Amino acid sequence: MVQPSKSTATQDELQSFYQDLAPNSLGALWTVQERTLVNEPKSKAVAHLWPWRELRPRAMKAAELVGTQDAERRVLMLLNPGLEGRVATTNSLFSGLQIVMPGEAARAHRHTPAALRFVIESQGGYTTVEGDKVPMRPGDLVLTPNWTWHDHGNDTDEPMIWLDGLDLPLVNMLEAMFYESYPEDVQPITQPLDSTLGRYGSGVLTPAWQTSDGAHSPLMHYPWGKSKEALLRLAPDAEGSPYDAIILEYSNPATGGSVMPTMACHVQLLRPGEHTMAHRHTSSAIYHVVEGEGTSVVDGQRMDWESKDVFCVPGWAYHEHINRSSSEPALLFSFSDIPVLRSLNLLREQSHPQDYQPEG
Ligand code: GTQ
Ligand code: FE2
């Protein structure tokens, strides 16, 4: 029979043993066991809400003060108060508010972090992705996957403001960051306008003469009209998810999978008065309120949101959502690192033992 053994060392022996480890780049795992092999995750990131009324004037001020010659991207970073010193909105994801003024271009470049844009304010304007000019209207989702050339332009008379989502903190953690400037300010347009929408926009009918087995969706543009229509059609009759109500994933039309290998995008509808049950999962997410007003309770903290606000939900934090209106639906866009956790077999989910948090 084998069994755990007793320690035999004196205090002096132990102390000199421990003291000699660090200078030799060594450490005793058993002294940090509880800190290292924790029972469950506890994110340093905290739940946080960025109200639109605080965001917009500061984006406009940035546009007044700084040109796009000096700011490669004019982005107000949404920095998680729990992650001081890091460029991160949750542990793995970055989000920011980008503004492009009338007549401005944001120079062409590419990088290994993948990006997505959810348009908040725009009368037109566009992002060019690999020679494909993608128009941007409020509510549209536009992808600029890993290592694709992209530049932004505003040829309208009104400011363009959108929410950026990037897997930057994850890519930095993996030390896989590469960046390159395009040799010109703006890349040439080589495709018919919005060509990926033309080819893949139907969602169910995909070109049979082309193979699309790439790592990311071949569709760069998910217009708002289709997303909203799909939600509204389901809302009256569908049961939906107990945790997320009527929730739809933006999918890769060629595979049915997530839009990019590191980030998934969702849009959801909370019916008037609807209050979802609380759950938590190892993935983290950033939410943008497209329409409506409500409350999300995250880790016991209430966050009252309204149209255009942004908030984050750290990994393994319990959360539930409430639509405070008794007559109007609430529509939320979100992006998450679900595909990363899923592909690594690390995606776990748990419902709240009382169904709702006490604060809810
Ligand atoms: O629009 O290309 O928020 O490269 C951060 C990095 C946006 C962009 C960000 C970027 C971009
Ligand atoms: Fe970029």
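In what follows, every heavy atom counts, from backbone to side chain, and hydrogens, waters and symmetry copies are set aside. Predicted model, so just to flag it, every value in this text is computed and none were measured.
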So CG of L14 and CD of Q19: to nearest 0.5 Å the spacing works out to 11.0 Å
**Request:** Would you confirm whether R86, through its side chain, and N91, through its main-chain N or O, come within 3.5 Å as a donor-acceptor pair?
**Result:** yes
Note to self: Is there a salt bridge (Lys or Arg N to Asp or Glu O under 4.0 Å) between E104 and R74? Walk through the geometry before answering.
What the structure shows: CA-CA 11 Å; E104 276 183 351; R74 195 196 283 115; 2.7 Å; yes
Rounding to 0.5 Å, atoms CD1 (I338) and OG1 (T262) come to a distance of 12.5 Å
_Do L168 and M177 make a side-chain contact, defined as non-hydrogen atoms from C-beta onward lying under 4.5 Å apart?_
yes
- request: Would you please test R324 and T295 for side chain to side chain contact (heavy atoms under 4.5 Å, CB included) and show each step?
  value: CA-CA 7 Å; R324 275 191 277 112; T295 300; 2.9 Å; yes
TODO: Would you please test D151 and W149 for side-chain hydrogen bond (donor to acceptor under 3.5 Å, both in side chains) and show each step?
DONE: CA-CA 7 Å; D151 55 271; W149 293 113; over 6 Å; no
Student check: side-chain heavy atoms of W50 and C312 closer than 4.5 Å = yes
When rounded to the nearest 0.5 Å, the distance separating OG1 of T128 from CD of Q191 is 11.0 Å
Problem - L55 reachable from Y287 in the ILVMFWY side-chain graph, under 4.5 Å edges - result: no
- Message: Run the side chain to side chain contact (heavy atoms under 4.5 Å, CB included) test on Y126 and H221 for me, step by step, so that the C-alpha distance in whole Å, both residues' side-chain angles and the decisive distance to 0.1 Å come before the verdict.
- Response: CA-CA 11 Å; Y126 57 88; H221 184 194; over 6 Å; no
Does the plane of the ring in Y18 sit parallel, tilted or perpendicular to the ring in W30? Use 30° and 60° as the thresholds.
tilted
*asked:* Could you walk me through whether S284 and T90 satisfy the side-chain hydrogen bond (donor to acceptor under 3.5 Å, both in side chains) test, starting with their C-alpha distance in whole Å, then the side-chain angles of each, then the deciding distance to 0.1 Å, before giving a yes or no?
replied: CA-CA 7 Å; S284 63; T90 69; 2.9 Å; yes
Is the backbone N or O of L78 less than 3.5 Å from a side-chain atom of T89, with the two atoms forming a donor-acceptor pair by type? yes
- Donor-acceptor contact present, side-chain D140 to main-chain V119, <3.5 Å: no
_N323 side-chain N/O to L270 backbone N/O, donor-acceptor pair under 3.5 Å_ = yes
Residues S336 and A285: closest non-hydrogen pair is CB-CB, 4.0 Å
Notebook entry, point to check: Hey, is the main chain of V100 close enough, under 3.5 Å, to the side chain of N154 for a donor-acceptor pair?
Noted result: yes
Any non-hydrogen side-chain atom of S95 less than 4.5 Å from a side-chain atom of F118?
no
Taking NZ, NE, NH1 and NH2 as the nitrogens, is one of them in E64 or K61 under 4.0 Å from a carboxylate oxygen of the other? yes
Value for CG (L347) from NE2 (H281), rounded to nearest 0.5 Å, stands at 8.0 Å
Apart from I322 itself, members of its ILVMFWY cluster (side-chain separation under 4.5 Å) are V297
ask   = Between the main-chain N or O of G125 and the side-chain N or O of T156, is there a donor-acceptor pair closer than 3.5 Å?
value = no
Spell out, yes or no, whether L232 and L234 are grouped together once hydrophobic residues are joined by side-chain heavy atoms under 4.5 Å, including indirect joins. yes
| query | Considering residues, nucleotides and ligands other than Q11, do more than 12 of their heavy atoms fall under 6.0 Å from its CD? | reply | no
Between the CD atom in E249 and the OG atom in S334, the distance rounded to the nearest 0.5 Å is 9.5 Å
Item to check | P159 side chain near M101 side chain, heavy-atom distance below 4.5 Å | outcome: yes
Residues L341 and S283: closest non-hydrogen pair is CD1-CA, 3.2 Å
Item to complete: Salt-bridge test for K228 and E291: reply yes if a basic N is under 4.0 Å from a carboxylate O, no otherwise.
Response: yes
Keeping T148 on the side-chain end and E130 on the backbone end, is there a donor-acceptor pair under 3.5 Å?
no
Side chain to side chain contact (heavy atoms under 4.5 Å, CB included) test vs F333 passes for just one of L116, V289, V310, namely L116
Flag yes if V75 and V129 sit in one hydrophobic cluster, no otherwise; membership is Ile, Leu, Val, Met, Phe, Trp, Tyr, and two members link when side-chain heavy atoms are under 4.5 Å apart. no
**Item:** R110 side chain vs H150 backbone, donor-acceptor pair below 3.5 Å
**Value:** no
Same cluster or not: are L76 and I286 linked, directly or through other Ile, Leu, Val, Met, Phe, Trp or Tyr residues, by side-chain heavy atoms under 4.5 angstrom apart? yes
Next item on the list: Examine distances only and state if a side-chain atom of E13 and a backbone atom of T10 form a donor-acceptor pair shorter than 3.5 Å.
Entry: yes
Point to revise | Trace of the side chain to side chain contact (heavy atoms under 4.5 Å, CB included) decision for R56 with I120 | key: CA-CA 10 Å; R56 192 181 188 280; I120 303 172; over 6 Å; no
* Asked: Does the pair W305 and S296 meet the rule for a side-chain hydrogen bond (donor to acceptor under 3.5 Å, both in side chains), with working shown?
  -> CA-CA 8 Å; W305 40 257; S296 292; 2.8 Å; yes
Heavy-atom neighbours of E40 CD exceed 12 at 6.0 Å: yes
**Request:** Would you indicate whether N24, at its atom CG, is surrounded by more than 12 heavy atoms from other residues, nucleotides or ligands within a distance under 6.0 Å?
**Result:** yes
Heavy atoms of Y243 and H321 approach each other most closely as O-CD2, 4.1 Å
In short, V259 meets L143 closest at the heavy-atom pair CB-CD1, 3.8 Å
**Request:** Flag the pair H279 / H319 as yes when their ring centroid distance falls below 6.0 Å, and as no otherwise.
**Result:** yes
Walk me through whether H109 and R73 qualify under side chain to side chain contact (heavy atoms under 4.5 Å, CB included). CA-CA 10 Å; H109 68 203; R73 290 300 185 261; 3.2 Å; yes
Side chains of P223 and L197 in contact at under 4.5 Å (non-hydrogen atoms):
yes
Closest non-hydrogen contact found for P192 with D132 is O-OD1, 3.4 Å
*Taking the side chain as every heavy atom from C-beta outward, state whether M220 and Y200 have any pair of such atoms under 4.5 Å apart.*
no
| said: For F178 and W147, take the angle between the two ring planes, folded into 0 to 90°, and tell me which bin it lands in: parallel under 30, tilted 30 to 60, perpendicular over 60. | reply: perpendicular
Donor-acceptor pair, side chain of E320 and main chain of Q357, under 3.5 angstrom: yes
Hey, is CG on D157 packed in by over 12 heavy atoms from elsewhere, all under 6.0 Å? no
Find out whether P261 and H216 are in side-chain contact, i.e. whether some heavy atom of one side chain is under 4.5 Å from a heavy atom of the other. yes
When every non-hydrogen atom of M160 is compared with those of G153, the smallest separation belongs to SD-O, 3.7 Å
When rounded to the nearest 0.5 Å, the distance separating CD of Q69 from CG of D185 is 8.0 Å
Heavy-atom distance under 4.5 Å between the side chains of E72 and R107, does that happen here?
yes
(request) Would you kindly confirm whether L231 and F335 end up in one hydrophobic cluster when ILVMFWY residues are joined by side chain heavy atoms under 4.5 Å apart? (result) yes
Could you go through the side-chain hydrogen bond (donor to acceptor under 3.5 Å, both in side chains) check for S217 and Y250 one step at a time? CA-CA 10 Å; S217 171; Y250 292 85; over 6 Å; no
